[in-house]
Amino acid sequence: MNSVAPPRFQFEMFNLSQEGSIRVRTAWISDVHLGTRASGAARLLDFLREYDFETLYIVGDLIDIWQMRRSRYWPQQHNDVIQKILRKSRKGTRVIYIPGNHDEMISSFYGAYGDITIQKHAIHRTADGRRILVIHGHELDTVVQNVKWLAFLGDAGYQFLLSLNPLINFFRRRFGLGYWSLSAYVKQRVKDAVSFIGKFEAAVVRYAERYRVDGVLCGHIHSAAIHKFGNVTYYNCGDWVETCSALIEHFDGRIEIVRELDHGMLTPDIHPKPLVDAMA
């Protein structure tokens, strides 16, 4: 007898398309870093298969051109991600691609290509009328903008930490333990890294204020979050390297983080409606 596998992404309330996938109004993904061994391409494919959305924002660093210049790596799953996004666009999903620093060469091709648009930034209007500025975020990273050689060096160190994750988790599985990311731990525990994240978030919000928006949404630092800074809500859709996280907008305008737990099921950070978009 055939059994039906449970969905990897679940909500307390959801709409289903005719194909049985979960329908949401909008999704934001960033920092997939295709072309690297650390990319969670397989898990992103699960997300793209299970969700249908009217609009998909790719918020930079879909392809890691920095890493591909150092070594050539492009397995079939990475190609499948590109094909899946193109297939969704052909079926009516509006795709907005905002290049980041790792795929900055894409910025040479700003413009519309059918249902795919490549642009520097975007203003997204939610179902409940709020205006959200969407940027990758490297514009506010002084290291990336002003000391590029140091940014490349930092990226190499980050890639080294990521390369240790499979070995660490091999032994953790042997002892029945769940997935754990050394690189994510370092970012959350090292004082300078924590300070950088806080300063980055505040700088992004100050930058957004000139656009007179209700919120700003970015990627870049691989740290999914929803925070309230005064009258502006800061959103970060995370990454598909460490946390495998994204942001989704429901048809009533609610925005939530979905993230993967123990490399198994992706679940939402669910909050009652009065607290939506205002996590501290």
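Bear in mind the structure is a predicted one, so any value in this text is a computation, not a measurement.
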Cation-pi check, K88 onto F53 ring (under 6.0 Å, within 45° of axis):
yes
Please enumerate all residues that pass side chain to side chain donor-acceptor pair (under 3.5 Å) together with [X], with sequence neighbours excluded.
X: N79; result: none
X: H124; result: Y57, E249
X: T126; result: D128

Between H220 and H136, does the side-chain hydrogen bond (donor to acceptor under 3.5 Å, both in side chains) criterion hold? Intermediate values first, please.
CA-CA 6 Å; H220 186 55; H136 177 63; 3.3 Å; yes
Identify each donor-acceptor pair in which a side-chain atom of residues 202-219 lies under 3.5 Å from a protein atom, sequence neighbours left out, and give them as a table.
from : atom 1 : to   : atom 2 : distance (Å)
Y207 : OH     : Y211 : OH     : 3.3
R210 : NE     : Y207 : O      : 3.4
D214 : OD2    : R131 : N      : 2.9

Please test L86 against I116 for side-chain contact (heavy atoms from CB on, under 4.5 Å), starting from the C-alpha separation and ending with a verdict.
CA-CA 8 Å; L86 292 174; I116 299 176; 3.6 Å; yes
In terms of hydrophobic clusters joined by side-chain contacts under 4.5 Å, are Y73 and L62 together?
no
Sidechain-backbone polar pair: [X] side chain, [Y] backbone, donor-acceptor under 3.5 Å:
X: S223; Y: G238; value: no
X: E201; Y: K199; value: no
X: D103; Y: I106; value: no
X: D31; Y: H222; value: no
X: W28; Y: I248; value: no

To the nearest 0.5 Å, what is the distance between [atom1] on [X] and [atom2] on [Y]?
X: L140; Y: I221; atom1: CG; atom2: CD1; result: 10.5 Å
X: L45; Y: I85; atom1: CG; atom2: CD1; result: 9.0 Å
X: L56; Y: I29; atom1: CG; atom2: CD1; result: 5.0 Å
X: D80; Y: R87; atom1: CG; atom2: CZ; result: 8.0 Å
X: I132; Y: R125; atom1: CD1; atom2: CZ; result: 10.5 Å
X: K91; Y: D52; atom1: NZ; atom2: CG; result: 8.0 Å

Which heavy atom of [X] sits nearest a heavy atom of [Y], and at what distance?
X: I96; Y: A122; result: CG2-CB, 4.4 Å
X: I135; Y: E139; result: CB-OE2, 3.9 Å
X: G92; Y: D115; result: CA-OD2, 4.4 Å
X: S245; Y: I257; result: CB-CG2, 4.5 Å

So, using side-chain contact (heavy atoms from CB on, under 4.5 Å) as the criterion, who are the partners of K120 when residues are at least two apart?
Y110
Output all residues satisfying side-chain contact (heavy atoms from CB on, under 4.5 Å) with A41, sequence neighbours left out; order by chain, then residue number.
L34, S39, Q77, H78, V81
Pairwise side-chain contact, I123 with L133, heavy-atom cut-off 4.5 Å (strictly under)
yes
Compare all side-chain heavy atoms of F47 with those of K84 and state whether any distance is below 4.5 angstrom.
no
Parallel, tilted or perpendicular for H227 and Y234, by the 30°/60° rule?
parallel
Indicate the ring-plane relationship of W66 and H102, choosing parallel, tilted or perpendicular according to the 30° and 60° boundaries.
tilted
Taking side chain to side chain contact (heavy atoms under 4.5 Å, CB included) as the criterion, tell me which of V59, L247, V134 meets it with Y235.
L247
With salt bridge (charged side-chain N to carboxylate O under 4.0 Å, His left out) as the criterion, how do D46 and R43 come out once you've worked through the C-alpha distance, each side chain's angles and the decisive distance to 0.1 Å?
CA-CA 5 Å; D46 288 328; R43 293 178 288 278; over 6 Å; no
